[in-house]
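Have a look at the structure below, then the notes.
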Protein chains: 2
Amino acid sequence: MEHKECMSALLPVRDTLDIIGGKWKILILISIWEGNKHFREIERSIPKLSTKVLSKELKDMEENQLITRTVLNGFPVRTEYRPTEYSKTLQKVILELQHWGANHRKKIFGREY
Amino acid sequence: MEHKECMSALLPVRDTLDIIGGKWKILILISIWEGNKHFREIERSIPKLSTKVLSKELKDMEENQLITRTVLNGFPVRTEYRPTEYSKTLQKVILELQHWGANHRKKIFGREY
DNA sequence: TTAATTGATTACCTAAAGGTAACTGATTAC
DNA sequence: GTAATCAGTTACCTTTAGGTAATCAATTAA
């Protein structure tokens, strides 16, 4: 049985799941896609999300070039987070996950949400 | 800012990630797709996978109708795990994750695996 | 000077995922 | 009866993800 090729093909799958997996990452990305730019603004747009987790996730997303971070100096310091064009390439992936999940729920529970 | 609709659209995304996320689920599914049928066979096909985790994941996958489980009585008891036709609907999703991840690695590190 | 706001960081804790290893029950071959 | 094989289960431990709450630095308005 040939495993090596298929197993190494899973490294990219792992990478993707690391980037969009977890409890908050997609939520944060969508909030930013929707136009939320500032730290507090994003935080308040997602109920129960803590500053600690948000801070960490934003760093990860910046590293992965999904968002840009710009510090604007002014009265209270403001930071602007913006989605990159590149981040949009994730939309197809997320849509695929969404479609499969929606169909799956119908199959398993015989009803939708 | 309209959040409610987009946030509820994420429930299916969560469902899908619960089903294919984690360290072993996709590996196990692929092993079964490849033709491995028996518990020990699947276990041995995936280095470092323990019986405990395999046992749990197989149960989850059976609940989600991705595999069927049949007990064959014979000398050493044998169990047959088979992929369902339905499980194949995940291939498109997994391929999407794989493509995005492969392209992402090129973008971030400038090289492939 | 005090309070308030923004954008965080830090220390500490809990819960969930996963790992380790020993063990069970059934059966058969020796 | 002893060993081996298959298909698991159980108890226990470690690691990681995530939650809670206090704190900090900068700035401005009252």
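Small disclaimer: the values here were computed from a predicted structure and weren't measured. Sequence lines set the chain letters: A, B, ... in the order given, protein chains first and strands last, and positions in each chain run from 1.
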With the side chain of A:T51 defined as its heavy atoms from C-beta on, choose the nearest nucleotide among C:dA8, D:dC6, D:dG8.
->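 Of the candidates, C:dA8 comes closest.
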Nearest-neighbour nucleotide for the B:R40 side chain, D:dC6, C:dA8, C:dG19 considered | D:dC6
Is there a donor-acceptor pair closer than 3.5 Å between any side-chain N or O of B:S31 and the backbone N or O of B:N36?
->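 It does not hold such a pair.
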Answer yes or no: is there a donor N or O on one side and an acceptor on the other, between the side chain of A:S87 and the main chain of A:P83, under 3.5 Å?
-> no
To the nearest Å, give me how far apart [atom1] ([X]) and [atom2] ([N]) are.
| X | N | atom1 | atom2 | value |
| --- | --- | --- | --- | --- |
| A:K52 | C:dA8 | NZ | C1' | 13 Å |
| A:E57 | C:dG7 | CD | C1' | 17 Å |
| A:H38 | C:dA8 | NE2 | P | 12 Å |
| B:K23 | D:dT16 | NZ | P | 9 Å |
| B:F39 | C:dA26 | CZ | P | 18 Å |
| A:K56 | D:dA17 | NZ | C1' | 8 Å |
| B:D60 | C:dA16 | CG | P | 15 Å |

Using a cut-off of 4.0 Å on non-hydrogen atoms, how would the nucleic acid contact of B:T79 be classed: base, sugar-phosphate, or nothing?
-> sugar-phosphate
Would you mind classifying the nucleic acid contact of A:K25 as base, sugar-phosphate or nothing, using non-hydrogen atoms under 4.0 angstrom?
->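 Answer is nothing: A:K25 stays at 4.0 Å or more from every strand.
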Below 3.5 Å is the cut-off: list the nitrogen or oxygen pairs between protein and nucleotides 26-29 of chain D, distance only.
| residue | atom | partner | partner atom | Å |
| --- | --- | --- | --- | --- |
| D:dT27 | O4' | A:F75 | O | 3.2 |

Bending between helix ends of the helix from C:dT1-D:dA30 to C:dC30-D:dG1 [5 pairs per end, 10° resolution] |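 Helix axis angle between the two ends: 20°.
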